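A quick write-up on the structure given underneath.
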Amino acid sequence: MKTYRTGFLLALVGNILLAVVLVGLWLHFRKATPAPDMGLQTPNSTAQASTATPPASAETPLVPVQISAQRLQSIGVKTGNVERKLVEDEIRTTGTVAIDETKLAYVQVRYSGFIEKVFVDATYQYIRKGQPLFTIYSPDLVATEREYLVAKHNQEQMAQSTVPGVASSAASLLDAASERLKQWGVPQQEIARLESTSQVQQELEFDSPVSGYITERNALPSVAVQPDMRLFTVANLSSVWVQAQVFQNDLGRIKVGDPATLTVSTFPGRTFRGRVDFIYPQLDTDTRTAKVRVVFSNSDLQLKPGMFVNVALKVPMGRQLVIPASGVLQSGTRQIAFVQRSDGYLDPREVELGPRIGDDFIVLKGLKADEQIVTSANFLVDSESQLQAALGSFVPPPPGAGAASAMNAPQANAELTSQPNPPNKGSNVFRIKLTDANGSPISGAEVSVTFFMPAMPSMGMAAMRTPVTLSDKGNGIYEGTGALGSGGTWQTTILAKKNGQTIASKQLSVNATGGM
């Protein structure tokens, strides 16, 4: 017992010492941690904060670019029209063929009785209007027919009576019996037979009131029937419903009366045409779809209830401004189209697009009708535009300056070599041999080489730019060291100036070895 008490006291003292140590450490680190910034900063702290926080990545700027007709043809540039036309969207989905409920008919009698004979004895048997279905014996109907005959006989006997009210009372009794037979649905020909023969018929033949297919049958021999009993259900399949499943994000584009088409694997190559009849107001919480009822004509009865079919709902969108989908360059968060200007330049234009309709995009903003846009090799044009923007060398020529620019074009020649050759990913030595039109070396110039690789958003790679300034080594040789950030093809621009004038400007592609 004494041993346990001693162990308990030692453990208690150890826990107290540990708690003291932890509290001391917490107070020490709390003093070492700077107080949170409440919005008051010194100029130096502001500068440090702005330096430490990198700016949000911006899209690479683009500028108009001019490419010769020969180069456009060599890289496969094609153009297309921006046009305004009637547009019709299409929502593709699936559905199931069902019976048109507006063309369903139920066969019932309005009196009680017993079925004697049945002439239609199978479901999905086709019947015509007026075709006999069964015979029925009804004590109430037989009694009413006898009352009718008695009333008819009394009316004939009392017709010549001179007593006031007798003739009219007999006539009203006959009318009441006749009206009861009509209300019970007794055919007019049966009433006419009753009048002509004056014989009560024990079994009454019941004929079909409509044409169609028997989908439900409860009429069996010797079965007792009541007025609320459904003996036959007859469906007219000359038109059918298709219950199409449409996702909730497409429901807003559909309205009653829109055209629709249907295809089914049973009849390849055939298209059935219908229209939207009803949009159900409830959504399936499991599939996030709603039923859209489409009506199709089915005069040849090829669409069977229960068939699984493919449905295309047509959504008319009116006259819209559209461009070919291949004319849009997805550049990061922007959508770019290159517009061909009258002065030969390809102008990058940021556009706002609507939904894609087949092979076209609807244009909401950024383009006008009848403009020409690049529809092929957009990526190469984009690379050239990014290169020009990165170099900052775009200066629009004044009108009519084409001949003057050709006369004042730089006459010097610049040849690029590297060590190693070809250059690789990482550090390289670049040399430029600068000569005039006669091949004589040019010294005392300012020479630079800029390597540019456009962004590749699909690969998650940003644009890279490596400028290299070369020093004069004499005898027209200029040399400098630069590091390439990746292997691959670099768009390279050589620029040489002397006395403030550009004497050489050359663009070429340089392939570097090494991985991305």
Side-chain angles (χ1 to χ4, degrees), residues 54 57 60-63 65-68 70-71 74-75 377 379-395 409-516:
S57 59
T60 304
L62 299 174
V63 295
V65 60
Q66 188 176 39
I67 304 176
S68 65
Q70 293 80 4
R71 189 177 178 193
S74 66
I75 64 178
F379 180 75
L380 296 176
V381 178
D382 177 65
S383 301
E384 187 73 23
S385 180
Q386 290 187 47
L387 175 62
Q388 294 292 340
L391 295 175
S393 59
F394 172 71
V395 179
Q411 298 299 318
N413 181 39
E415 295 182 5
L416 173 66
T417 58
S418 65
Q419 182 65 38
N421 187 22
N424 60 8
K425 177 182 177 181
S427 180
N428 300 270
V429 176
F430 299 101
R431 295 186 184 90
I432 295 292
K433 183 178 181 181
L434 193 62
T435 57
D436 59 15
N438 298 322
S440 300
I442 300 176
S443 300
E446 299 174 2
V447 181
S448 65
V449 181
T450 301
F451 298 90
F452 178 75
M453 183 174 289
M456 299 181 187
S458 60
M459 299 176 61
M461 193 176 79
M464 292 182 286
R465 178 175 180 267
T466 303
V468 181
T469 302
L470 284 68
S471 58
D472 190 354
K473 298 298 183 180
N475 199 27
I477 302 298
Y478 297 82
E479 186 176 294
T481 302
L484 299 181
S486 171
T489 302
W490 290 81
Q491 305 288 338
T492 307
T493 299
I494 302 172
L495 189 64
K497 293 183 179 181
K498 189 172 183 179
N499 300 325
Q501 299 293 326
T502 299
I503 60 174
S505 178
K506 185 177 182 179
Q507 294 181 355
L508 66 156
S509 296
V510 173
N511 293 320
T513 60
M516 301 296 287

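The residues of the chain are indexed from 1 along the displayed sequence. If you're wondering where the values come from, they're calculated on a predicted model, not measured in any experiment.
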With distance as the sole test, does Ser418 use its side chain to make a donor-acceptor pair with the main-chain N or O of Pro420 at under 3.5 Å?
-> yes

Counting only heavy atoms not in Lys433, do more than 12 sit closer than 6.0 Å to its NZ atom?
-> no

Determine whether Gln507 and Thr492 make a side-chain contact, defined as any pair of heavy atoms from C-beta on separated by less than 4.5 Å.
-> no

Side chain Asn421, main chain Thr417, donor-acceptor under 3.5 Å | no

Work out which heavy atom in Lys506 is nearest to a heavy atom in Ala414; give both atom names and the distance.
-> NZ-O, 3.2 Å

Using a 3.5 Å cut-off and no angle test, enumerate the donor-acceptor pairs between side-chain atoms of residues 476-483 and protein atoms at least two apart in sequence or in another chain.
unit_1	atom_1	unit_2	atom_2	d
Tyr478	OH	Ile442	O	2.9
Tyr478	OH	Gly444	N	3.2
Tyr478	OH	Ala445	N	3.1
Glu479	OE1	Arg431	NE	2.8

Ser443 to Lys498 - nearest heavy-atom pair and separation | O-NZ, 2.9 Å

Does the side chain of Pro423 reach to within under 4.5 Å of the side chain of Val510, using non-hydrogen atoms?
-> yes

For the residue pair Asn428 and Gly426, what are the closest heavy atoms and their distance?
-> ND2-O, 2.8 Å

Heavy-atom pair with the smallest gap, counting every atom of Gly487 and Lys425 | N-CB, 4.0 Å

Mind checking whether Leu495 and Val447 have side chains closer than 4.5 Å, heavy atoms only?
-> no

May I ask you to decide if the ring planes of Phe451 and Trp490 are parallel, tilted or perpendicular, using 30° and 60° as cut-offs?
-> perpendicular

